[in-house]
Amino acid sequence: MNNKERNKRLGQYFTSPAVAKLLTELALSVKSDISKAIDPMMGEGVFLRTINDVSPNVVTYGIELDTMLADRVNPNFMGKSKLFFGNAFDPKTIQQLPGIFDLVITNPPYVRHLNQINETALEDGSLVPSGVQVKSDLYRSIEKNPNLNKTERTLLLEAASKYSGLSDLSVPSIILCASLTKPDGVLALLIPESCITREYSITTLNVLFKLFDIKLIVKDEGRNWFDDAQVKTLLIVGHKRKNPRSNILSHKDIPVIEIAESTPDHPLGKLSDKLNLKEFTNLFLHPNGVRTVKDIGIKYHRTVTSFLVNALTESNVKIYPEFKQILDLKGTVASLDPRLASLTRCSEYFRFESMSIGVHQGLRTGANNFFYCDLIKKGKDKSLVSMQINGKKNEFDIPSEVLRPVLRKQKEVLGNYLISSKNLTGRLIDLKNNYTASDVSKYQLGADANVLPQKFSEYVDYCSKVNIGTEDKPKFLPQLSAVKTNISTGNGTIRTWYQLPELKERHIPDICIPRVNSNSVNALLVEKGTVVDANFITLNIPKDIMINKYGVLALLSSDWAKVQLELNGNVLGGGALKLDRGHLQNLIFSNKVMSNKNQLEQLGKNLTESLENEAILRQINDTVNDALAIEDSLKLKALLQYRLKLRKKNA
């Protein structure tokens with residue numbers, strides 16, 4: 001395992017001293033009488049060193065899994081901190097600690113769920129636990145913690161057992177840290193923004209809002225705090241309640257500060273030269289503190305409902321039934337993002353989700369290099385296609401009826417607003433009711449079976465046996481997780497690995513939007529019958545909807561829609577904006593916009609028929625902005641350009 005792979009598996013992205021000092025000062029501003037503090041994922045120990053410098057009388061503790069950091073960490077403390085090397089989730093490690101703490105402060109390891117699938121052995125023989133092991137250890141640690149009251153233990157055990165397997169390691173880390181924080185104590189975290197925005201964040205939001213009064217969130221909007229990781233991160237500081245709140249919505253609105261121009265050494269950007277940290281914390285944590293911020297970024301307040309609504313889905317409401325009432329609000333209550341409030345005089349909105357538009361994801365075949373091909377020449381009965389497995393290109397004649405036009409990647413979009421099958425070379429190979437000669441014999445399908453052409457039939461047999469992995473870790477197409485589910489013998493019907501299930505409506509949408517966007521987000525109308533890959537969010541427009549597909553395309557093409565997606569989407573390391581269905585469903589529009597639905601429908605249709613769209617887009621913006629009572633549309637456009645520039649700046 002090389003250093004890069006090792007760091008990735010351990011989730012090691014170390015905090016700069018300046019960012020550590022900022023978070024420490026924020027935490028101590030909430031509660032100054034700290035006697036005992038811990039960093040349960042201490043890394044290089046930067047938070048412990050900061051606490052030792054700022055408050056020398058505080059007894060500090062640290063836990064770290066990576067023993068290779070011991071030589072780097074131990075000499076810096078000289079007995080000031082009590083350090084443990086081991087798995088912080090393991091009950092055996094937790095039981096060595098002296099109870100719970102006045103301050104729990106950490107930058108938890110950032111490990112994506114895909115990297116947690118297996119246990120990993122390090123050079124010294126220590127083991128990095130798998131995601132399943134982390135979940136089991138966390139549950140047992142909470143169960144055995146004698147310092148939790150019954151209500152708190154029940155809430156934390158529920159969180160430990162219910163958090164999504166798609167979560168990165170930050171989620172169980174937050175739950176663990178909450179369990180180690182004393183009532184009236186402070187929890188101070190440096191975490192990825194995804195921990196409070198993605199669908200799987202509902203667990204952490206529930207823990208944070210019920211157990212703590214969240215005092216402040218500081219966001220690194222420019223993604224500058226880390227040199228080696230460019231996901232958007234934030235600081236969050238909470239004061240722990242003596243008892244969990246019974247009604248999560250009783251939490252006060254939370255001040256949020258977005259820092260745009262910062263560095264690892266100057267986490268407050270331009271403000272760093274004007275205020276010291278104590279002045280900063282007094283300004284924003286004091287009840288009478290300022291509400292606007294100059295030379296720093298943006299400050300606004302967010303309701304707990306706005307956090308929860310954006311993360312809630314039907315699936316996670318099944319896990320947390322108590323949130324159903326909040327989910328039900330999504331269709332009827334639309335609260336405007338506070339960052340947009342100053343631009344509009346409108347007071348009545350509807351949420352995009354209330355339009356009953358199906359918002360999903362495109363087709364996930366599980367093996368695109370087999371199920372997708374390139375059309376070389378189309379014929380009435382058979383077509384010549386090109387396929388590639390393990391870098392080897394092959395050409396075959398196959399029945400034209402099994403080919404369906406497919407939009408696979410963004411580079412296949414030609415720049416206009418219509419995805420037309422005549423402009424797509426990609427084809428989906430949909431082999432339902434078609435079999436290889438070997439399978440006709442194997443399953444005794446009889447003379448009526450549709451047999452694939454000999455050369456292609458032999459190729460399919462070859463694909464079932466070729467190793468697409470490595471010698472050490474062989475992989476075969478029929479055994480891939482999303483391919484083996486194709487195999488079925490139920491109801492007297494034989495379906496093999498190379499036969500996809502029946503396509504769903506979401507795979508053949510009316511509109512699609514790329515899930516990952518390097519530039520501005522563009523919605524695209526899809527020609528009827530065209531399949532769309534899972535690289536895209538797909539929208540299916542009901543026939544009885546108040547506005548047709550062209551009108552929906554116009555709404556999504558407006559600056560108003562795009563700026564909302566820029567504000568709420570997830571920014572990736574390369575500066576791309578990643579969207580999921582929730583970001584689309586939570587778009588908000590003025591109720592009055594529907595009075596111009598006929599105009600929007602015509603403008604949307606014009607978009608798909610013209611290569612010169614600047615004037616059409618200007619008309620769409622005028623229509624949407626008039627409904628919003630936006631007096632200065634240039635401010636909206638400037639905000640959109642600023643957000644685009646901000647996420648591209650460090651790409």
Side-chain angles (χ1 to χ4, degrees), residues 1-16 19-20 23 38-48 61-70 72-73 83-90 93-94 104-124 126-138 141 159-160 163-180 187-196 198 200-201 203-204 207-208 220 223 225-236 264 573:
M1 187 185 301
N2 61 39
N3 286 338
K4 187 175 181 180
E5 290 173 337
R6 189 179 191 279
N7 290 349
K8 191 173 182 179
R9 180 62 183 92
L10 288 166
Q12 291 178 332
Y13 299 93
F14 297 124
T15 312
S16 73
V19 175
L23 183 56
I38 187 172
D39 182 347
M41 292 95 177
M42 68 179 177
E44 297 178 317
V46 64
F47 287 112
L48 302 183
Y61 296 78
I63 304 173
E64 175 54 43
L65 177 66
D66 186 5
T67 58
M68 286 188 68
L69 293 175
R72 200 185 311 177
V73 171
L83 309 181
F84 302 89
F85 284 89
N87 174 7
F89 297 99
D90 191 334
T93 304
I94 298 300
V104 179
I105 184 168
T106 196
N107 165 17
Y110 180 61
V111 184
R112 297 181 184 275
H113 78 280
L114 288 172
N115 294 326
Q116 302 175 57
I117 294 173
N118 299 310
E119 184 180 63
T120 305
L122 298 179
E123 304 88 336
D124 61 357
S126 59
L127 297 174
V128 184
S130 67
V132 172
Q133 289 169 306
V134 166
K135 196 162 197 168
S136 173
D137 285 346
L138 174 62
S141 291
Y163 73 83
S164 169
L166 300 178
S167 306
D168 66 55
L169 194 61
S170 302
V171 170
S173 299
I174 292 170
I175 298 169
L176 176 69
C177 290
S179 73
L180 296 176
L187 176 63
L189 300 168
L190 169 53
I191 56 176
E193 187 184 36
S194 58
C195 288
I196 61 171
R198 300 293 296 275
Y200 62 67
S201 69
T203 302
T204 46
V207 168
L208 291 171
D220 176 25
R223 310 185 324 280
W225 287 348
F226 292 89
D227 290 328
D228 54 351
Q230 289 193 11
V231 295
K232 198 182 295 184
T233 54
L234 55 83
L235 308 178
I236 184 167

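Since we're looking at a predicted model, the values are computed, not measured.
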Are side-chain heavy atoms of L176 and I94 found at a separation under 4.5 Å? yes

Check: T106/D39 side-chain N/O donor and acceptor closer than 3.5 Å: yes

Non-hydrogen side-chain atoms of P108 and I191 separated by less than 4.5 Å: yes

To the nearest 0.5 Å, what is the distance between CG on N87 and OG on S141? 8.0 Å

Test item: S164 side-chain N/O and Y200 main-chain N/O as donor-acceptor pair under 3.5 Å: no

Mind checking whether W225 and L190 have side chains closer than 4.5 Å, heavy atoms only? yes

Heavy-atom donor-acceptor pair, E64 side chain to G43 backbone, under 3.5 Å: yes

Taking the side chain as C-beta and beyond, is there a heavy-atom pair between I196 and L234 under 4.5 Å? yes

Can you tell me how far CE of M42 sits from CG of D66, rounded to the nearest 0.5 angstrom? 10.0 Å

Note, N107 side chain near F47 side chain (heavy atom, < 4.5 Å): yes

Side-chain (S201) to main-chain (T204) donor-acceptor, under 3.5 angstrom: no

Would you say that L187 contacts L208 through its side chain, given a criterion of any heavy-atom pair below 4.5 Å between the two side chains? yes

Is the shortest heavy-atom distance from the side chain of L138 to the side chain of Y163 under 4.5 Å? yes

Tell me, do P40 and Y61 make a side-chain contact under 4.5 Å, heavy atoms counted? no

